[in-house]
**Student:** 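Structure in structure tokens, see below.
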Amino acid sequence: MTEIFQSEIIISEISNLLKDDKHVAIGAASPIPGSAALLAQEERKNTNLKLQVTILHSQKFNNFTDGSRELFDASAQGRIDTFFLGGVQIDGQANINLVGTGRYPKLDKRFSGSFGSALMYFVVPKIILFREEHTPRTLVKKVDFISAPGISPPNIYRPGGPKYLITNKALFSFNKKKKNFKIEKINPEFTLDEVIKSTGFEFKTNKNLKYFTMPSQKRIDVLRNLIAPKVLNFYPQFAKKLWFN
Amino acid sequence: MTEIFQSEIIISEISNLLKDDKHVAIGAASPIPGSAALLAQEERKNTNLKLQVTILHSQKFNNFTDGSRELFDASAQGRIDTFFLGGVQIDGQANINLVGTGRYPKLDKRFSGSFGSALMYFVVPKIILFREEHTPRTLVKKVDFISAPGISPPNIYRPGGPKYLITNKALFSFNKKKKNFKIEKINPEFTLDEVIKSTGFEFKTNKNLKYFTMPSQKRIDVLRNLIAPKVLNFYPQFAKKLWFN
Amino acid sequence: MVNFTQITVKDIAKEVKDNCLLGIPADYSGVPMSVTIEIIKNKTKGLRLYCLPLTTIQGDMLIGSGCVNEIETAAVTLGEYGQAPRFQDAIENSKINIKDSTCPALHAQLQATEKSVPFMPLRGILGSDLYKNRNDWVVIDNPMNNSNTNDEKIVILPAVKLDILIFHASKADINGNVQIGRRRELATLAHASKKVYVTVEEIVDEDFFDSELKAAATLPSLYIDGISLAKNGAWPCGLTDYYDIDTNEMSKYAKAAKYQETFDEYMRDFILQNNYSNI
Amino acid sequence: MVNFTQITVKDIAKEVKDNCLLGIPADYSGVPMSVTIEIIKNKTKGLRLYCLPLTTIQGDMLIGSGCVNEIETAAVTLGEYGQAPRFQDAIENSKINIKDSTCPALHAQLQATEKSVPFMPLRGILGSDLYKNRNDWVVIDNPMNNSNTNDEKIVILPAVKLDILIFHASKADINGNVQIGRRRELATLAHASKKVYVTVEEIVDEDFFDSELKAAATLPSLYIDGISLAKNGAWPCGLTDYYDIDTNEMSKYAKAAKYQETFDEYMRDFILQNNYSNI
């Protein structure tokens, strides 16, 4: 069997999380979620449950025609099942910080900004938090700045919110009522103890803790032969580094 | 000189009212204002002050591309200088009624409805009220239903409002401060007394009262040779009756 | 041949349930007359019509046929062919409820749903009797300090979500995308509707998204629940680049609709000899 | 040949006055880089950038060149080329003010101006620190009874009117209409701007309104105050159907912009050997 890259395993895991979706949207700077969504779409091509994938930074995979506000409008209308958000920091209550570390506004380290998170996190039913780096620096007890909160009081309109968090070490689910993460799957290269040590917040452990599933050779073939060339179109740097170097 | 139709004289008079405009818009069921605007546009074709004419019910003379809300948005933005409104009834305070006569909602006689008047009357700087029929039935003391009010208190945003009222008998100007109409021009076929008798509200008379200006032969030629065929495209019934029967 | 399940005009009409809130496009936006006839044949009752922003023969026929319970609109008119007689009769004799509105309010209420906000502000309106008769509209003090108008009062309008929208368009592509051209109010209507059905003159063997120009004129399939072919589907109304309004038929209708008896007679003929194919 | 007065890129840059509120299109909407260089050469000061909803190299260059006093944005980033270094430096060292926002809020504030209403409501946002740092945003109790959320709190955002908008597009026609395709956010930006200037790759000998399809992809001339030809006007950013982003140049910029000294050096070269014609 050919060597399987770390990123490909995560792509495969994310792809599994999309199985009942009808429409997945991919925002800025999300090559791994984008690849995962296109993979799921390809694998369901000949089934009754087609998957629509909208990749904002692509011409071809963007079926919106009402300008760049349409993603937000369509999401608020409840037409997008899954969206991905990242975070410079993510904390145990699923608050995300895309703005920077230190004391706002004069930050120690400024990052890009909150993008559409302050609406998307509220309205898309299945938000998957994705951050490759899994360290006490990224998964923190409390974020320095809340770009978008993980939970909201009942007098705030909030049909959507966090469902999963996936990193290069583990997959977590989020429990809205208990306001905490539970580990679901672990990268076989790490122990649970190692994951606990690299996580700045407490999370619930799982008696049925599973390992990341190795993608089948068939899936890897689909990914490399059919998906990679598509990704090259709109995330050229990422695709070149992973598949075309 | 050829016979000049009553409607052509009114078209010519309206055309004179558009002289400093940059953009005139024409709404539903307004063949006479539409003809007047196209005439003004044609006569200014080779000057520095071009006139843009938007006729909503035309494909060719409609330069909007944002759907049917664009007229209202563009007007609210202050981009339309002149718009026309009619009325089943118009009263001495320039209130207009497009809904019907009698006691709302069970009216004696129902008409089409208020269209966009309840916004347009507030935001377009020069609203020209146009109603061919000039009788105590159309120009009334008080309208039965206010589709849009002629004046507003200072805590209402209102950059626009009524400037003129033109009928087949007379042209009036409206004074916003004094909240009344003043007669400016009269159709030479009528006396001032006749106009007063056919008007249900009191208006200010004018020492310098003028007659409707007969359009020059040149203007009539432009109207019949160049404008009439255009009007035929989007107000076929009107154009056929007036010019092509 | 096409990558979506084509349905019939009858299928679409069946989706229009009694008492539903039905989106009605203006005369220039593609009037779905072929489906309208089927709705009338189905004896559908209690419809609430939401016009963006007005209706002509479609609304008048539905009202005259007893399908309508309520109408929210800025106008009902036959345009150059005069007033809408069945509408007039229904109002003058209190046969239907009316929510008299104004064009920009009808747009704004759908835009609120498009953005999933509970309301939209709109200027104008105050001082109009429209406001007096709408208990779903609210006046508030402008909470912003950015207005030049002191103590400004402003109307806010509720978000309105349609149960179903039906319109007629020129073309669908093989993937069920529909060409709407400049008729972007159809996009707003679709965004604010639970279900959207479209009749088209033709289905073309291409994907509009393969061309940036065509894509710009497209309502994407993701908002569309079903498409039916219906040649002359807007007749006797017109359709941009396809056919003009049928002036003879409109004059005939305007005359017939003056009285309920002559309207009923007209409708019997109209239904029998209808001009649509692919029903 | 054309029915409007063609101006130059330099003419457009001169319209960008010190301290004005300048509309900044996203990287996918047509970045007016040729004008950006001229603004930098003019040593324009105190600009307030309003990004819809983000900026990449354009904003970073303007900030690094000392032209900017404030930025309202959902993000500044070089995308695949990393963080925006001059922006980071400016924030970390308090050289500019920032109004951190979120994409839909930046859209909604312009839509408010488009409709000439003083504010727009928007859901989300509450519980975010964005809100805490915006004293121009207000929370109100939802005044409508149509919400399923009891005692709902909702944010309202002020209407924002831009002093000037500049973007780059593919084509203008002989009457000064500009093709924007699916980039309809450019229409919203234009509707909400006092002045609008456009650079284009080419001016074509036709009127877009002669075709319903082309008309649908058009921003009408009535919103446009001046047009200049600028071949490769978005370089090193890309332009749909014309050219892709210049990956080499972007990498080079991302590296150089890490430090002010290397940025300054880069900018000296960039200005001298710029790739735009028709300046």
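Numbers restart at 1 for each chain; the letters A, B, ... are given by sequence-line order, proteins then strands. When reading the values below, keep in mind they use all heavy atoms of this one structure, side chains included, and skip hydrogens, waters and symmetry mates. On a predicted model such as this, the values are computed, not experimentally measured, just so you know.
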**Student:** Within residues 84-95 of chain C, which positions have a heavy-atom distance to chain B below 4.5 Å?
**Tutor:**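 Interface residues of residues 84-95 of chain C: F87(C), Q88(C), I91(C), E92(C), S94(C).
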**Student:** Tell me, side chain or backbone of V143(B) under 4.5 Å from chain C's heavy atoms, or both, or neither?
**Tutor:**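 Neither part; nothing is under 4.5 Å.
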**Student:** Out of I180(C), T102(C), N133(C), which one racks up the most heavy-atom pairs below 4.5 Å with chain B?
**Tutor:**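 Of the candidates given, the most pairs with chain B belong to T102(C).
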**Student:** Does D151(C), at its CG atom, have more than 12 non-hydrogen atoms belonging to other residues, nucleotides or ligands within less than 6.0 Å?
**Tutor:**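 Atom CG in D151(C) is not packed in, count stays at 12 or less.
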**Student:** Are any non-hydrogen side-chain atoms of Y104(B) and D129(C) less than 4.5 angstrom apart?
**Tutor:**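 The answer is no, as the side chains (C-beta and beyond) never meet within the 4.5 Å cut-off.
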**Student:** Which answer fits Y81(C), side chain, backbone, both or neither, if we ask what part of it has an atom under 4.5 Å from a heavy atom of chain B?
**Tutor:**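 For Y81(C), the side chain is the part near chain B, not the backbone.
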**Student:** Would you say E80(C)'s side chain and Q237(B)'s backbone share a donor-acceptor pair under 3.5 angstrom?
**Tutor:**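 A pair under 3.5 Å: yes.
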**Student:** Indicate yes or no for a side-chain donor-acceptor contact from R182(C) to the backbone of N62(B) under 3.5 Å, with no hydrogens or angles considered.
**Tutor:**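 Confirmed, R182(C) side chain pairs with N62(B) backbone.
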**Student:** Under a 4.5 Å cut-off applied to non-hydrogen side-chain atoms, are F145(B) and L130(C) in contact?
**Tutor:**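 Sidechains of L130(C) and F145(B): in contact.
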**Student:** Rounded at 0.5 Å granularity, tell me how far CG in N155(B) sits from CG in N150(C).
**Tutor:**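 The CG atom of N155(B) sits 9.0 Å away from the CG atom of N150(C).
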**Student:** Can K132(C) and I146(B) be said to form a side-chain contact (heavy atoms from CB on, under 4.5 Å), step by step?
**Tutor:** CA-CA 10 Å; K132(C) 280 195 204 159; I146(B) 300 175; 6.0 Å; no
**Student:** Should the heavy atoms of other residues, nucleotides or ligands under 6.0 Å from OH of Y259(C) be counted, would the total exceed 12?
**Tutor:**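 Count not over threshold, so no.
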**Student:** Chain C: which of A118(B), G113(B), S112(B), G67(B) shares the most heavy-atom pairs with it under 4.5 Å?
**Tutor:**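 Max contact count across the listed options: S112(B).
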**Student:** Would you call the rings of F72(B) and H107(C) parallel, tilted or perpendicular if under 30° counts as parallel and over 60° as perpendicular?
**Tutor:**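 Taking H107(C) first and then F72(B), their aromatic rings sit tilted (interplane angle of 30° to 60°).
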**Student:** S147(B) versus chain C, heavy atoms under 4.5 Å apart: side chain, backbone, both or neither?
**Tutor:**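 For S147(B), the backbone is the part near chain C, not the side chain.
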**Student:** Write down the atom of Y28(C), the atom of S68(B), and the distance for their closest heavy-atom approach.
**Tutor:**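 Taking every non-hydrogen atom into account, OH-CB, 3.4 Å.
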**Student:** T65(B) versus chain C, heavy atoms under 4.5 Å apart: side chain, backbone, both or neither?
**Tutor:**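 Both the backbone and the side chain of T65(B) come within 4.5 Å of chain C.
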**Student:** Can you say whether L54(C) sits under 4.5 Å from chain B via the side chain, the backbone, both, or neither, judging by heavy atoms?
**Tutor:**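 Answer is side chain: those atoms of L54(C) sit under 4.5 Å from chain B.
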**Student:** Heavy-atom distance under 4.5 Å to chain B: side chain of T188(C), backbone, both or neither?
**Tutor:**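 Contact with chain B is through the side chain of T188(C) alone.
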**Student:** Looking at E202(B), I'd like to know if its CD atom is crowded, meaning that more than 12 non-hydrogen atoms belonging to other residues, nucleotides or ligands lie closer than 6.0 Å.
**Tutor:**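 It does not: E202(B) CD has 12 such atoms or fewer within range.
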**Student:** Any idea which of G116(B), G160(B), S152(B), A76(B) has the most non-hydrogen atom pairs under 4.5 angstrom with chain C?
**Tutor:**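 Highest number of pairs under 4.5 Å: G116(B).
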**Student:** Which bit of P236(B) comes within less than 4.5 Å of chain C, counting heavy atoms only: side chain, backbone, both or neither?
**Tutor:**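 Interface part for P236(B): both.
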**Student:** Measure distances from N95(B) to the heavy atoms of chain C and classify the residue's part below 4.5 Å as side chain, backbone, both or neither.
**Tutor:**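 For N95(B), neither part sits under 4.5 Å from chain C.
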**Student:** Side chain, backbone, both or neither: which part of F64(B) has a non-hydrogen atom closer than 4.5 Å to chain C?
**Tutor:**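 Just the backbone, heavy atoms under 4.5 Å.
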**Student:** Is the shortest side-chain heavy-atom distance between R110(B) and V76(C) below 4.5 Å?
**Tutor:**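 Counting from C-beta outward, R110(B) and V76(C) never come under 4.5 Å.
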**Student:** Please determine whether the number of non-hydrogen atoms from other residues, nucleotides or ligands lying under 6.0 Å from atom NZ of K50(B) exceeds 12.
**Tutor:**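 Yes, enclosed.
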**Student:** Among D100(C), I154(C), L126(C), I125(C), single out the residue with the greatest number of heavy-atom pairs under 4.5 Å to chain B.
**Tutor:**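 Between D100(C), I154(C), L126(C), I125(C), the count favours D100(C).
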**Student:** Atom CD1 of I98(C) and atom CG of L107(B): how far apart are they, to the nearest 0.5 Å?
**Tutor:**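 One gets 8.5 Å once the value is rounded to the nearest 0.5 Å.
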**Student:** Quick one: are C103(C) and R69(B) in side-chain contact, heavy atoms under 4.5 Å?
**Tutor:**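 With C-beta onward as the side chain, the pair stays apart.
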**Student:** Do you know the tightest heavy-atom contact between S114(B) and S101(C)?
**Tutor:**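 Scanning both residues completely, I find the closest heavy atoms to be CB-O, 4.0 Å.
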**Student:** Distance only, no hydrogens: is a donor on one side chain within 3.5 Å (strictly under) of an acceptor on the other, for N142(C) and Y157(B)?
**Tutor:**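 Note: N142(C) and Y157(B) side chains miss the donor-acceptor criterion.
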